[in-house]
J.: 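I am attaching a structure below and will ask some questions about it afterwards.
For clarity, every value in this text was computed on a predicted model and none was experimentally measured.
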Amino acid sequence: MATETDIAFLLAEAADGVEIGIAPYQAVLRGGRRRKARRWAMAAAAALVIAGSTGTLALAGGTESDGRKAVPAVTVPSTPEKRHVYEPQATTVARGTEHGKEWSVEVIVWGAPKNGMEAQYQRSKMSEYALTPTGTEVASDLVGRGWVFVRLHAGDAGGMTLLDGAVEKGDSYSGTDLESASAPLRFDAASSDMSQRLVIGKVAPTAREVTCSWDDGTTMKAGKAAPETDLASHAVIRPVDGSQPNWFLCLAPEGKHYTSGTAKVTR
């Protein structure tokens, strides 16, 4: 039977693994009813984040049949593999073709390492994906924090990180909560077109419609889609693996430009 010392150790280890949410670095994003300023890492024009969890603790107590006090049942945090510390969860939010060139946007979610050894291996795995967490200098900076990258794949440009951010405890979305960022849809690194046509953000799972506004006064409505729905859409809200909020995307027609902060949950 487990001793009190054994149980205390397991409880401490389990509690150490619990970490939820997202934390930013540089810019304050627009956010519906949200009033808390968030600092995000900006790779292109803005930054975002998402929420997740890395471990659970389950307790059960009572009395055994012989009258002795039952020992609490402890669920030890899952392995690094099950927490997606070494292999991330990746979800394509939308894709399309423009001028014969394909583009797609994906959200990549990494679980939080529990210690320096896990963090060191995670950092090496991130480098295999050509990903570098903004604002970190050593592997230990990743301990206790998940990480999210938003990547644009377009034409000859390959994969470009639009934004990334760390996971912070307690970050979840409800009601009309919304945060958004914009970036150019670039098909090569030398492109001179810096129009902020691509808008991506996160909203509460209950949001059914987001309206994006362009500089000429026109709007585009993104509707909620099921995971298996066709990805070829220029305006969509979609669930993302490893993320508490859903993510939305709007792509303005050529010649139009996003008016910063005008994406809103409208249904």
Side-chain angles (χ1 to χ4, degrees), residues 17-24 40-41 43 47-56 77-96 103-114 118-119 121-123 125-134 142 144-153 159-174 177-181 198-208 210 222-233 235-250:
V18 177
E19 187 68 33
I20 303 176
I22 282 203
W40 294 100
L48 282 176
V49 212
I50 110 180
S53 64
T54 59
T56 58
S78 57
T79 64
E81 289 75 16
K82 290 184 178 180
R83 287 185 280 119
H84 298 280
V85 175
Y86 305 145
E87 293 295 335
Q89 300 178 82
T91 302
T92 299
V93 177
R95 65 182 175 216
W103 63 268
S104 65
V105 173
E106 69 174 344
V107 177
I108 302 172
V109 184
W110 296 78
K114 289 183 58 179
E118 289 186 3
Y121 190 47
Q122 181 182 73
R123 195 173 182 89
K125 295 296 289 184
M126 284 181 174
S127 66
E128 293 179 11
Y129 286 79
L131 299 174
T132 302
T134 304
L142 300 174
R145 298 190 293 176
W147 214 275
V148 180
F149 295 86
V150 178
R151 299 274 286 173
L152 168 65
H153 302 274
M160 296 181 289
T161 298
L162 299 179
L163 47 101
D164 70 285
V167 176
E168 179 184 13
K169 183 178 180 180
D171 188 15
S172 63
Y173 284 65
S174 62
D177 292 350
L178 176 150
E179 292 188 44
S180 64
L198 182 63
V199 183
I200 188 164
K202 51 181 181 169
V203 293
T206 54
R208 293 182 294 161
V210 171
K224 194 169 184 177
E228 67 276 6
T229 301
D230 184 10
L231 296 171
S233 175
V236 69
I237 303 172
R238 195 178 298 280
V240 166
D241 292 337
S243 171
Q244 184 272 338
N246 287 344
W247 290 69
F248 74 91
L249 179 143
C250 296

J.: Can you measure from CG (Leu178) to OH (Tyr173) and round to the nearest 0.5 angstrom?
T.: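 Reported to 0.5 Å precision, the distance equals 8.0 Å.
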J.: Any idea which heavy atoms bring Ala166 and Trp147 closest together, and the distance?
T.: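 In this case the closest contact between Ala166 and Trp147 is CB-CZ3, 3.2 Å.
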J.: Once side chain to side chain contact (heavy atoms under 4.5 Å, CB included) is applied, do any residues pair with Ala119, and if so which ones, sequence neighbours excluded?
T.: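 Listed in chain order: Pro113, Ala139, Leu142, Val143.
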J.: Taking side chain as C-beta onward, heavy atoms only, is Val148 less than 4.5 Å from Val240?
T.: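 Side-chain contact under 4.5 Å: no.
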J.: Give a yes or no on whether the backbone of Val109 and the side-chain of Gln89 come within a donor-acceptor separation of less than 3.5 Å.
T.: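 It does not hold such a pair.
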J.: Is the side chain of Lys202 donor-acceptor paired with the backbone N or O of Asp177 at a distance under 3.5 Å, no angle test?
T.: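 No, because the side chain of Lys202 does not come within donor-acceptor range (under 3.5 Å) of the backbone of Asp177.
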J.: Looking only at non-hydrogen atoms, find the nearest pair between Ile108 and Ala90 and report the distance.
T.: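 Heavy atoms of Ile108 and Ala90 come nearest at CG1-CB, 4.2 Å.
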J.: I'd like to know if the side chain of Asp241 and the backbone of Thr91 have a donor-acceptor N/O pair within less than 3.5 Å.
T.: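 No: the side chain of Asp241 does not pair with the backbone of Thr91.
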J.: Going by the rule side chain to side chain contact (heavy atoms under 4.5 Å, CB included), which residues pair with Thr92 if we only count those two or more places apart in sequence or in a different chain?
T.: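 Thr92 satisfies side chain to side chain contact (heavy atoms under 4.5 Å, CB included) with Ser104, Glu106, Leu231 once adjacent residues are dropped.
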J.: Taking side-chain hydrogen bond (donor to acceptor under 3.5 Å, both in side chains) as the test, write out the residues that go with Glu87, two or more places apart.
T.: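 Once residues adjacent in sequence are excluded, the partners of Glu87 under the side-chain hydrogen bond (donor to acceptor under 3.5 Å, both in side chains) criterion are Lys125, Tyr129.
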J.: Holding to side chain to side chain contact (heavy atoms under 4.5 Å, CB included), I want the full list of residues that pass it with Thr132, two or more places apart in sequence or in another chain.
T.: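 Result, side chain to side chain contact (heavy atoms under 4.5 Å, CB included) vs Thr132: none returned.
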J.: Is the shortest side-chain heavy-atom distance between Val85 and Lys114 below 4.5 Å?
T.: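 No; the side chains remain at least 4.5 Å from each other.
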J.: Of all residues at least two apart in sequence or in a different chain, which pass the salt bridge (Lys or Arg N to Asp or Glu O under 4.0 Å) check with Glu118?
T.: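 If we apply the salt bridge (Lys or Arg N to Asp or Glu O under 4.0 Å) test to Glu118, skipping adjacent residues, the hits are Arg83.
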J.: What verdict does the side chain to side chain contact (heavy atoms under 4.5 Å, CB included) test give for Thr134 and Thr161, after you've listed the backbone C-alpha separation in whole Å, the side-chain angles of each residue and the deciding distance to 0.1 Å?
T.: CA-CA 10 Å; Thr134 304; Thr161 298; over 6 Å; no
J.: Could you report the tightest heavy-atom contact between Leu249 and Ser233, atom names first, then the distance?
T.: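 That closest heavy-atom pairing would be CD2-O, 4.4 Å.
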J.: Please report the closest heavy-atom contact between Gly144 and Ala112, naming both atoms and the distance.
T.: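 Looks like C-CB, 3.7 Å.
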J.: Do Ser180 and Phe248 come close enough that some side-chain heavy atom pair is under 4.5 Å?
T.: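 The answer is yes, as the side chains (C-beta and beyond) meet within the 4.5 Å cut-off.
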J.: Once you round to the nearest 0.5 Å, how far does NE2 of His84 lie from OG of Ser78?
T.: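 It comes to 8.5 Å.
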J.: Taking C-beta and beyond as the side chain, do Tyr86 and Glu81 meet within less than 4.5 Å on heavy atoms?
T.: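 Contact flag for Tyr86/Glu81 side chains = yes.
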J.: Look only at the side chain of Arg238 and the backbone of Val93, and say whether a donor-acceptor pair between them is shorter than 3.5 Å.
T.: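 Looks like yes, one N/O pair under 3.5 Å.
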J.: Just so I know, are the side chains of Trp247 and Val150 near enough to count as touching, which here means a heavy-atom distance under 4.5 Å?
T.: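 The answer is yes; the side chains approach within 4.5 Å.
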J.: Measure the spacing between CG of Leu163 and CD1 of Ile200 and express it to the nearest 0.5 Å.
T.: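 Here the rounded value is 7.0 Å.
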J.: Under 4.5 Å between any side-chain heavy atoms of Pro133 and Arg123, yes or no?
T.: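 A side-chain contact under 4.5 Å exists here.
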